[in-house]
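Throughout, protein chains are lettered first and strands after them, A, B, ... in sequence-line order, and every chain is numbered starting at 1.
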There are 2 protein chains.
Amino acid sequence: MTHFFREKLKERGLKVTPQRVAIYEAIVNLKNHPTAENVIEYIKTNHPNISVGTVYKVLDSLVENELLKKVKTEKDIMRYDAILSNHHHLYCIETERIEDYEDENLNVLISNYFKNKKIKNFKVQDIKLQITGKFNK
Amino acid sequence: MTHFFREKLKERGLKVTPQRVAIYEAIVNLKNHPTAENVIEYIKTNHPNISVGTVYKVLDSLVENELLKKVKTEKDIMRYDAILSNHHHLYCIETERIEDYEDENLNVLISNYFKNKKIKNFKVQDIKLQITGKFNK
DNA sequence: TATCCAAAAGATAATCATTCTTATTTAGGA
DNA sequence: TCCTAAATAAGAATGATTATCTTTTGGATA
C-alpha cells in the first residue's frame with residue numbers, strides 16, 4: 001500500500017520518515033479531500049507526537065514533489081488530494097463536500113476539442129472540470 | 001456603468017453606499033481577479049477612509065447577493081470576479097495570474113455532453129473549466 | 001424637508017490557519 | 001557504528017480574515 005509512496009520518496013531523494021508515511025496514509029484514507037487539520041486529527045490516534053508544523057511542512061513538500069495535489073476551493077483552508085490521475089471534482093454548493101469524478105469519455109472529448117481549438121498566448125498543461133451542484137445524499 | 005450595480009443593490013434591499021460602489025468598481029477595473037488587499041490598495045487613492053473590515057464585509061455581502069463571485073484557487077488568499085456570465089479560467093502554473101476564458105462552442109459541447117451523461121447522486125448546477133498552463137507573455 | 005432607525009461603516013481587537021525559528025532528533029550513506 | 005544533512009518538535013510569529021462595539025448614514029416615512 002505505502003510501497004508506491006516509499007519508492008516515490010526515494011526517487012525524489014526524500015527520506016522515508018514515519019511522519020511522512022502517516023500523513024500520506026491519512027490523506028489516502030480520509031475521503032473528501034481533507035484539510036491539514038483533518039490530517040492532524042486523524043493521525044493523533046496512532047501518532048500523537050507528530051507536530052502541527054510538521055504536518056504543514058510535509059504536505060507542502062509532498063505537493064511540491066507531486067505526491068499530492070492541492071484542491072482549488074473558495075475557502076482559505078487548503079485541501080489535499082492523493083489521487084494523481086486525471087479526474088474532475090464535484091463541489092457541493094451547500095456543504096464543503098468535494099467528490100472526485102472520473103470520466104474517460106469526457107477527458108477524450110475535451111482533449112479532442114482543444115487539439116483543434118488553441119487558446120491564444122496560452123499553453124495548456126491540464127484541464128479539470130469544476131462541477132458545482134448538489135448531492136442527493 | 002455602475003447603474004446596473006446600483007439597481008442590483010436595490011433589488012436585493014441593500015443600501016447604495018459610496019463604499020459599495022467604490023469596491024465594486026475596483027473589482028471591475030482591476031483585472032486579474034483581485035484580492036481584498038488589491039481592492040484596499042486600489043481604492044486608497046480616491047477613498048482613503050474606507051476601512052479594511054468594510055472591504056471584507058462588502059465583498060462577502062456582494063458574493064452572497066450574487067454581484068461578485070469568488071474564484072477557486074490553491075491559495076489561502078481569496079480572489080474575486082465581477083464577471084457573472086458563464087466563463088472559464090486560465091491559471092498560470094508559474095505566477096498568480098488568472099485570466100478569463102470565454103468559449104461558447106465549448107459551453108455547448110459540455111452542456112450537450114451532460115444532457116445525456118448524468119452523474120449519479122449529483123444534480124449539476126454549473127460547470128467551469130480550470131485550465132492550468134503557461135502564458136506566453 | 002426634517003426625523004428616525006435599521007443597516008452600514010469605522011476602528012481595532014481577536015481569531016485561526018499557516019509559516020517561521022531554533023534546538024533536537026533521525027534516516028540512511030560511509 | 002558513526003556521521004551529517006535532512007527532518008521533526010515546540011512554540012512563537014505572521015497575516016488574512018472575522019468579530020466586536022461605537023458611530024454614521026441611506027433612504028423610508030411623516
Side-chain angles (χ1 to χ4, degrees), chain A residues 2 5-27 33-44 46-65 67-68 70-80 96, chain B residues 2 5-27 33-44 46-65 67-68 70-80 96:
Chain A
T2 62
F5 178 68
R6 290 163 185 273
E7 283 310 307
K8 269 282 189 179
L9 284 180
K10 282 179 194 164
E11 267 177 37
R12 295 288 180 155
L14 298 173
K15 292 181 179 173
V16 179
T17 67
Q19 289 88 344
R20 283 178 173 156
V21 174
I23 290 165
Y24 181 75
E25 282 180 333
I27 300 283
H33 309 84
T35 64
E37 212 203 320
N38 295 149
V39 172
I40 292 162
E41 188 57 37
Y42 183 87
I43 61 182
K44 201 171 276 175
N46 295 318
H47 303 81
N49 301 321
I50 297 183
S51 84
V52 171
T54 297
V55 173
Y56 282 99
K57 227 177 314 170
V58 167
L59 290 173
D60 268 6
S61 87
L62 295 185
V63 168
E64 203 172 328
N65 287 281
L67 282 157
L68 292 179
K70 289 183 175 181
V71 179
K72 289 185 173 63
T73 69
E74 289 171 4
K75 284 286 163 60
D76 56 359
I77 301 172
M78 197 54 54
R79 296 176 66 166
Y80 297 88
E96 301 307 314
Chain B
T2 61
F5 177 67
R6 290 162 185 274
E7 284 308 309
K8 270 281 192 180
L9 284 179
K10 283 180 193 163
E11 269 176 35
R12 296 287 181 156
L14 298 174
K15 292 180 180 175
V16 179
T17 66
Q19 290 86 347
R20 283 177 173 158
V21 174
I23 291 165
Y24 181 75
E25 283 181 332
I27 299 283
H33 310 83
T35 63
E37 212 203 320
N38 295 149
V39 172
I40 290 162
E41 189 57 37
Y42 183 87
I43 62 182
K44 200 171 276 175
N46 295 318
H47 303 81
N49 301 321
I50 297 182
S51 84
V52 171
T54 297
V55 173
Y56 281 100
K57 228 176 315 171
V58 167
L59 290 173
D60 267 6
S61 87
L62 295 185
V63 169
E64 203 172 329
N65 287 282
L67 283 157
L68 292 178
K70 289 183 175 180
V71 180
K72 287 185 172 63
T73 70
E74 289 171 3
K75 284 284 161 62
D76 55 359
I77 300 174
M78 197 54 55
R79 297 176 66 166
Y80 297 87
E96 300 308 314

For [X], check salt bridge (Lys or Arg N to Asp or Glu O under 4.0 Å) against everything at least two apart and list the hits.
X	result
A:Lys15	none
A:Glu37	none
B:Glu74	A:Lys72
B:Arg6	none

According to side chain to side chain contact (heavy atoms under 4.5 Å, CB included), who are the partners of [X], at least two apart in sequence or on a separate chain?
X	answer
B:Phe5	B:Leu9, B:Arg20, B:Val21, B:Tyr24, B:Leu62, B:Leu67
B:Asn49	none
B:Glu41	B:Lys44

All pairs passing salt bridge (charged side-chain N to carboxylate O under 4.0 Å, His left out) where residues 47-63 of chain A contributes a residue, at least two apart: none
Start and end of chain A contact along DNA chain C [non-hydrogen atoms, under 4.0 Å]: C:dA17 to C:dG28
Members of residues 47-61 of chain A that approach DNA chain D, where some heavy atom sits under 4.0 Å away: A:Asn49, A:Ile50, A:Ser51, A:Thr54, A:Lys57, A:Val58
5' precedence on DNA chain D between A:Lys15 and B:Arg79 (nearest-nucleotide basis): A:Lys15
Upstream residue (5' side of DNA chain D) when B:Thr17 and B:Lys70 are each assigned their closest nucleotide: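 Its nearest nucleotide lies further toward 5', so the answer is B:Lys70.
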First-last contacting nucleotides on DNA chain D - partner chain B, under 4.0 angstrom, heavy atom: D:dA16 to D:dG27
5' precedence on DNA chain C between A:Asp76 and A:Gln19 (nearest-nucleotide basis): A:Asp76
Audit row: B:Val55, B:Leu59, side-chain contact (heavy atoms from CB on, under 4.5 Å) steps and yes/no: CA-CA 6 Å; B:Val55 173; B:Leu59 290 173; 3.8 Å; yes
Steps toward side-chain contact (heavy atoms from CB on, under 4.5 Å) verdict (A:Asp76, B:Ile77): CA-CA 6 Å; A:Asp76 56 359; B:Ile77 300 174; over 6 Å; no
Side-chain donor or acceptor of A:Arg79 paired with backbone N/O of A:His33 under 3.5 Å: yes
Verdict with reasoning, A:Glu96 to A:Lys75, per side-chain contact (heavy atoms from CB on, under 4.5 Å): CA-CA 9 Å; A:Glu96 301 307 314; A:Lys75 284 286 163 60; 2.7 Å; yes
B:Tyr80: which of B:Val63, B:Val71, B:Asn38 passes side chain to side chain contact (heavy atoms under 4.5 Å, CB included): B:Val63
Rounded (10°) bend between the five-pair end axes of the helix from C:dT1-D:dA30 to C:dA30-D:dT1: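 The angle separating the two end axes equals 40°.
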